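Heads up, the thing below is written out as structure tokens.
All figures in this text were calculated on a predicted structure; none of them were measured in a lab. When a ligand or atom number is given, it counts from 1 through the structure's own listing order.
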Amino acid sequence: MRKVKKVYLCIPFLFLSLLTSTNSQEREVSERQLDEELKIFISRFRYAPTRVPSKKSVHLYNLGKSLFSDKKISMAGDTACITCHQPNLGTGDGLPLSIGTGGKGDGLERKQGSGMTTLRNAPPLYNKTHPGFSRLFWDGRVQFKLKPKAFKTPNPNLNGEKPFFEDIVDQLENASAVQSLFPLINEIEMRGHQFSDLSDREVWDEILRRVLNRKSYQKMFQKAFPDENWNIGHVGKALAHFQDVEFTTRETGWDSYLRGDTKALSLPEKRGALIFTSKGRCFMCHNGKHLTNFGFENIIVPHLSLNKKFMDDGRRKINKRKGSAFQFLVPPLRNVGLTAPYFHNGSMTSLEDVITHYNEPIESINSYSADKINELFGKNYHFSFISQYDEEANKLLFRNASRRLPLHLNLSQKEQRNLALFLRKSLTEKRFLHMVQ
Ligand code: HEC
Ligand code: HEC
């Protein structure tokens, strides 16, 4: 009797353990299939881990680090690079549009004060010093070519193979270094209107003079560039080196996975990666090592501006071609979970909103309202955001929409969740998470 009872009791356990073992076996099999599928897409769209940062040159790094967070390098004396590119806010400022010189406070608490607002969202700085990034700014207005070395920038004296400011250009070795010179002369960002009558070179020379007026900087320059004739190019070079060491990602879950560690991503993250590389068609533009094709695309982003008269038509302003209207550079996506709000005008406050936009772009733009942005950020600015394209712009926006942009993705709620998880978790490096409060 007792024996029978024991067997009887055992049956459900046996059954249960059998059931779970087939389940986990099945899971293993399907996870292996997922890995196999991902492998195909990874090679097809040339996804690869990022490189390790270039070797740190201590003196150059120290100089760049000081300059990056020093308000005195602005003509107005109240704005530093770090004001708008804060490590603890994903190297941006957490705002849709930045507040330049004259603004009060930092980060999410920054108020407009007597300052002007930038026309675009401050992009993150992660990996922007890497060789692939030969164009910078949302419209690519700064450009670098290695062989033969030549820049194309808004200041003609820096441009071409035989630039007029050869002494400055000699110091600059990538797009990031030349880019660093432009916030300094931008009236909204760091220069201020009171210096609008000076030439760019006069502003650069004056900034250098002010910097070198301080003994601590003289020492740092002497160590970083012994016995050289210093100019603003040295400032750009140091700023770029600092950004390279500080803001290069090394080991996100995605990078570990690409290096062969199949355990680096969870099952839902892998499902998200598969949406990214297949059904979601993100790979059409976000491909290669940095998850960008480095091209200009129009993904019909809703309009968002503080200025009724301003219509941002992106790349067209630079190359004057109608076909480039509303195109912006495809951004890289490492650490994208840390860098809200999104898009060139900060119109999307979360990755979920970005994904909703891609799922049905036309529906997204038609139903977009600036209310959410005004609610979240109204306290930072004097004026309210508006989101209406005029009729002509609207027509051109749709006519010019990228052919790579799907208009109906039909992603299920679960697929969208997994995709968001991939963006937020797999692409984020833990080292930077500690910097985000
Ligand atoms: C007032 C805010 C503000 C300040 C100060 C500022 N930036 Fe920016 N930064 C921006 C905005 C806004 C953009 C985007 C402008 C555009 O694309 O038209 C930008 C763009 C950039 C980019 C290009 C990134 C990309 O993806 O193309 C880099 C690099 C950068 N800034 C570095 C710096 C450095 C270095 C300094 C200091 C010398 C600095 N910034 C000062 C707001 C600021
Ligand atoms: C047709 C090309 C294209 C496709 C397809 C595409 N993107 Fe983008 N993506 C862009 C461009 C261009 C931007 C910048 C747009 C802007 O700000 O005006 C962008 C911006 C983003 C941003 C915001 C980044 C930031 O720093 O603001 C995220 C996140 C993103 N894309 C994710 C995705 C995902 C996920 C998919 C697939 C569902 C996808 N993209 C498909 C071109 C594309």
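Residue Lys128 has at least one N or O atom closer than 3.5 Å to an N or O atom of ligand 1. Where the criterion is an N or O separation shorter than 3.5 Å, residue side chain and backbone included, Trp138 meets it with respect to ligand 1. Close N/O approach between Arg120 and ligand 1 is found [any backbone or side-chain N/O within under 3.5 Å]. Inclusion of Leu423 in the set of residues having an N or O under 3.5 Å from an N or O of ligand 2 is not warranted. Considering backbone and side-chain N/O of Phe137, one or more are found under 3.5 Å from N/O of ligand 1.
Neighbours of atom 8 (Fe) of ligand 1 restricted to protein N, O or S atoms under 2.8 Å: the count is 1.
The part of Leu351 lying near ligand 2 is the side chain, judged by heavy-atom distances below 4.0 Å. Of the heavy atoms in Leu136, both backbone and side-chain atoms come closer than 4.0 Å to ligand 1. Proximity of Leu119 to ligand 1, defined as any heavy-atom pair under 4.0 Å, is not found for any part of the residue. Contacts between Ser74 and ligand 1 below 4.0 angstrom, taking non-hydrogen atoms only, are absent altogether.
Ligand 1 has at least one atom lying under 4.0 Å from a heavy atom of Arg141. Within the 4.0 Å heavy-atom cutoff, Ser176 does not count among the residues contacting ligand 1. Contact analysis leaves Asn186 out of contact with ligand 1, as no non-hydrogen atom separation drops below 4.0 angstrom. Under a 4.0 Å heavy-atom criterion, Gln243 is in contact with ligand 1. Using a 4.0 angstrom heavy-atom cutoff, Thr83 does not count as in contact with ligand 1.
Of all atoms in ligand 1, listed by their number and element, those nearer than 4.0 Å to a heavy atom of Ala80 are 5 (C). Near Ile99, with a cut-off below 4.0 Å to any heavy atom, the atoms of ligand 1 are 1 (C). Distances below 4.0 Å separate heavy atoms of Ser180 from the following atoms of ligand 1: 35 (C), 38 (C). Those atoms of ligand 1 that come under 4.0 Å of a heavy atom in Gly100, given as number and element, are 1 (C). For ligand 2, the atoms lying closer than 4.0 Å to a non-hydrogen atom of Ser402 are 1 (C). For ligand 2, the atoms lying closer than 4.0 Å to a non-hydrogen atom of Arg281 are 5 (C). Listed by number with element, the atoms of ligand 1 under 4.0 Å from a non-hydrogen atom of Thr79 are 5 (C). The contact set between ligand 2 and Phe328, taken as ligand atoms under 4.0 Å from a residue heavy atom, comprises 12 (C), 18 (O). Taking every non-hydrogen atom of Phe343 and a distance limit under 4.0 Å, the qualifying atoms of ligand 2 come out as 17 (O), 20 (C), 21 (C), 22 (C), 23 (C), 27 (O).
Summarising the geometry, atom CG belonging to Asn307 is positioned 11.5 Å from atom CZ belonging to Phe385; distances are rounded to the nearest 0.5 Å. For the atom pair CD of Glu187 and OG1 of Thr101, the computed distance is 10.5 Å after rounding to the nearest 0.5 Å. Atom-to-atom distance recorded for Arg250:CZ and Lys430:NZ is 15.0 Å, nearest 0.5 angstrom.
Side-chain contact annotation: Asn374 with Tyr381, donor-acceptor N/O pair under 3.5 Å absent. Counted by atom type alone, His290 and Thr50 present zero donor-acceptor pairs between their side chains at under 3.5 Å. Between the side chains of Ser256 and Glu251, a donor-acceptor pair is found at a separation under 3.5 Å. No donor-acceptor contact under 3.5 angstrom links the side chains of Asn298 and Asn400, judged on distance only. In this model, no donor atom of one side chain and acceptor atom of the other lie less than 3.5 Å apart for Asp106 and Thr83. If you check the side chains of Asp353 and Thr356, you find no donor sitting under 3.5 Å from an acceptor. If you check the side chains of Asp35 and Thr262, you find no donor sitting under 3.5 Å from an acceptor.
In this structure, Phe343 has its ring center under 6.0 Å from that of His357. Residues Phe45 and Phe276 place their aromatic rings such that the two centres sit no closer than 6.0 Å.
With a 6.0 Å cutoff to the six-membered ring centre and a 45° limit on the axis angle, Arg214 does not count as a cation-pi contact of Tyr217.
Near-neighbour remark for atom 8 (Fe) of ligand 2: protein N, O or S atoms under 2.8 Å are His286 NE2, Tyr358 OH; waters not counted.
No donor-acceptor pair under 3.5 Å is formed between the side chain of Asn359 and the backbone N or O of Ile355. Counting only distance, with no hydrogens or angles, the side chain of Thr79 and the backbone of Gly100 share no donor-acceptor pair below 3.5 Å.
Using a 30° and 60° split on the angle between ring planes, Phe68 and Phe242 fall in the tilted class, from 30° to 60°. The aromatic rings of Tyr389 and His303 sit tilted, their planes meeting at an angle between 30° and 60°. Taking the six-membered ring for Trp and thresholds of 30 and 60 degrees, Phe221 and Trp230 have ring planes inclined between 30 and 60 degrees apart. Between Phe151 and Phe144, the two ring planes are tilted [angle within 30° to 60°].
At most 12 heavy atoms of other shown residues, nucleotides or ligands fall within 6.0 angstrom of atom NZ in Lys317.
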